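This report concerns only the one structure given below.
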Amino acid sequence: MALPVAAWLVFVVGAAAWFGAMHMSEESVRAQEFYRWINGVGGFTWWVTAMQAVTGVLLAAHLILEDRVTGTTAHWLTRPISGGRMLAAKVVSGGLLFVLAPAVLMVPVWAAHGFSPGEVARAAGEFMAWQTGLTGLAFGFAALSKSLAQFFFAGLGTVVAVPVAAMVLQLMQNKRLLENAEAARTWWWLLAVLVVAFMIRVLLHQYFTRQTTRGWWTLAAGGVGLIALRAIAPDAMMQWAPPPRAKTRVSELPGERFAGEVAVKKIVTPFNRDLPLAVFLTVGGAATGGDFLAPENSLGVNVELPDRRRAGLAMSPGGLWGEEAAKRIGGLTRDDGPVEWDMAARLGAVIDLPSVGSTASVTGNMTLARMRGRMLAEVPLRAGASGRSGSSELRVVGLGGAAERAEISVILEERDSLFVRDVGLTAGRGERAMDQSRRDVYLLVNRAGGICKCLHIVELGSANMGAMLVSARRLESTVPTQGEGRGRVELPGWREGAVLMKVRFELVGRVVRSVTSANVALVAEEEKK
């Protein structure tokens with residue numbers, strides 16, 4: 001079976017290499033088909049991964065069935081080979097062919113994608129764990145089967161029947177499905193442990209006793225047990241689930257530079273009642289070397305207005321997060337003092353907005369995140385420009401926008417290691433979950449013209465294969481203008497020498513600070529800098 005295994009290895013590594021090398025075409029951008037492109041790539045990678053898993057399982061089963069354990073006519077039974085030695089030979093062969101070999105062959109692909117040694121090690125570990133699970137399942141069912149056809153139907157039937165039966169039983173009992181993420185994670189870990197234990201039990205029993213009927217009954221008992229466990233999972237898992245795992249320890253950050261004093265600089269009242277109040281905070285403790293304290297969670301922080309109305313404080317959407325800190329990292333400003341952060345307080349659909357000159361107070365507790373920022377890319381603002389830092393690659397695929405509204409949009413194709421995936425992104429206008437370990441900020445800069453604008457982010461979609469991630473994004477902003485009021489026009493020549501900067505902030509630690517500020521005067525939106 002050397003040729004089929006070699007073909008499977010080429011299939012696995014070749015598909016990953018193709019995925020790492022393919023690019024979005026400029027024609028698809030001009031035709032406004034980037035949604036279709038990224039969704040098509042995602043669907044294709046799903047099918048390719050499924051085909052790789054199925055063919056790998058069939059090959060692993062064939063490795064066992066070459067020397068069948070069922071019946072009394074297998075050729076190896078006539079030789080002085082014990083069941084234990086045969087099992088050891090099959091396990092070693094399966095580990096080399098279906099676990100170690102593909103992982104080793106994937107290393108050049110990951111290296112070409114810019115993975116660091118740590119990312120390569122993590123990708124290889126997860127890949128080998130996945131292949132070990134699939135190979136173990138194939139070995140367990142194949143050891144009890146008389147032929148590849150029996151293996152296929154028995155394995156497929158079990159894989160489909162057990163979760164379906166568990167779901168039906170669960171719904172018949174009117175029990176809710178697992179909604180808690182930690183409970184669901186606990187369930188899958190428990191499932192993996194039980195399945196591995198059953199497969200080991202089946203393999204040892206079959207190779208040492210060759211009691212096939214008893215082996216099938218063991219698998220049947222395991223399936224019934226999993227069905228019963230899944231039926232009670234919503235109750236049991238909620239009790240067994242560990243508390244959410246914190247990626248960093250929530251504690252006081254050392255040193256006066258990270259004291260994290262929070263002050264309200266100003267509150268801006270908008271001209272449009274559908275827009276939120278803009279609250280500008282300064283967070284003390286900005287440090288050199290790219291470390292900053294940033295508001296991460298503002299639950300419990302409220303803005304109270306003179307007419308006793310209250311509004312909760314929340315992070316502003318899109319690229320406004322971290323604009324000033326990103327400018328410092330990009331060398332656009334040199335101030336080492338407190339960093340200013342733009343927040344938002346929504347009042348809802350109200351008729352009377354607070355007037356300019358009136359005062360408001362801000363009180364509550366805020367979680368601050370110590371973020372370490374670094375420049376990942378600085379590329380010219382033109383189609384085809386690209387930049388790279390490690391596994392992170394940015395490529396400008398196209399430029400657009402509505403000229404009548406003085407807007408610009410930049411279509412990006414971005415690549416990353418799957419381990420830094422921004423899971424907080426949604427399809428909305430750049431809205432992000434606050435509790436995340438990474439955040440990217442994009443700046444439109446023209447140094448000669450003194451222009452720096454932060455861009456809003458719109459996620460178009462993403463696809464992944466072999467621990468590699470490809471995303472499509474659109475960045476939006478208004479173009480630099482000159483003039484006043486309705487007479488404002490696009491600033492001529494601003495595109496010449498314009499560059500796009502990508503700055504990444506990564507979480508280092510967290511600290512909670514109180515916010516207490518009374519009698520803050522409201523200013524007009526035109527004063528917003």
Side-chain angles (χ1 to χ4, degrees), residues 1 4-5 50 53-79 81-95 97-99 129-170 172 187-233 236:
M1 58 180 297
V5 172
V54 171
T55 52
V57 165
L58 292 176
L59 288 172
H62 182 68
L63 177 64
I64 295 293
L65 291 170
E66 279 185 328
D67 300 288
R68 288 187 296 110
V69 192
T70 59
T72 58
T73 59
H75 179 64
W76 70 275
L77 295 174
T78 64
R79 293 176 287 170
I81 301 176
S82 65
R85 288 181 58 191
M86 179 59 71
L87 176 59
K90 296 297 182 181
V91 169
V92 171
S93 300
L97 294 176
F98 303 110
V99 178
W130 169 253
Q131 285 300 120
T132 299
L134 290 178
T135 304
L137 281 172
F139 276 18
F141 280 100
L144 300 174
S145 302
K146 296 180 180 179
S147 64
L148 197 60
Q150 186 184 25
F151 160 82
F152 181 79
F153 285 106
L156 180 64
T158 303
V159 169
V160 173
V162 168
V164 170
M167 190 73 68
V168 170
L169 181 59
Q170 193 172 11
M172 287 176 62
W187 157 252
W188 285 112
W189 274 109
L190 180 60
L191 175 64
V193 170
L194 291 176
V195 169
V196 169
F198 271 106
M199 289 300 108
I200 293 175
R201 172 72 174 81
V202 167
L203 285 172
L204 292 175
H205 184 271
Q206 184 67 357
Y207 271 90
F208 283 99
T209 68
R210 294 195 296 115
Q211 296 291 330
T212 305
T213 302
R214 189 181 299 174
W216 281 116
W217 278 111
T218 301
L219 277 181
V224 172
L226 290 177
I227 293 173
L229 181 62
R230 179 62 177 176
I232 64 172

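Since this is a predicted model, take the numbers as computed values, not measurements.
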>> According to side-chain hydrogen bond (donor to acceptor under 3.5 Å, both in side chains), does anything in residues 85-95 pair up with another residue at least two apart or in another chain? List the pairs.
In response: D67-K90
>> With rounding to the nearest 0.5 angstrom, report the CG to CG distance, L59 to L134.
In response: 12.0 Å
>> Please find the pair of heavy atoms, one from A138 and one from A60, that lie closest to each other, and give the distance.
In response: CB-CB, 3.7 Å
>> To the closest 0.5 Å, what do you measure between CE (M199) and OG1 (T218)?
In response: 9.5 Å
> Nearest heavy-atom pair of A143 and L203: which atoms, and what distance?
Replying inline: CB-CD2, 3.8 Å
>> Which residues pass the side-chain hydrogen bond (donor to acceptor under 3.5 Å, both in side chains) test with Q206, not counting sequence neighbours?
In response: T212
> Restricting to pairs with a member in residues 129-138, which pass side-chain hydrogen bond (donor to acceptor under 3.5 Å, both in side chains), not counting sequence neighbours?
Replying inline: none
>> I'd like to check V202 versus L144 (side-chain heavy atoms, cut-off strictly below 4.5 Å). Are they in contact?
In response: yes
> Does I64 reach the side chain of Y207, with side-chain heavy atoms less than 4.5 Å apart?
Replying inline: yes
> Does F98 have any ring pair (Phe, Tyr, Trp, His ring centres under 6.0 Å) partners at least two apart in sequence or in another chain, and if so, which?
Replying inline: W8
>> Tell me every residue that passes side-chain contact (heavy atoms from CB on, under 4.5 Å) with Q211, counting only those two or more places apart in sequence or in another chain.
In response: H205, T209, R214
Let me have the donor-acceptor pairs involving side chains of residues 147-157, under 3.5 Å, with sequence neighbours excluded, atom names and distances please.
unit_1, atom_1, unit_2, atom_2, d
S147, OG, Q150, N, 3.3
Q150, OE1, K146, N, 2.5

>> Tell me whether T70 contacts the main-chain N or O of S145 through its side chain, where contact means a donor paired with an acceptor under 3.5 Å.
In response: yes
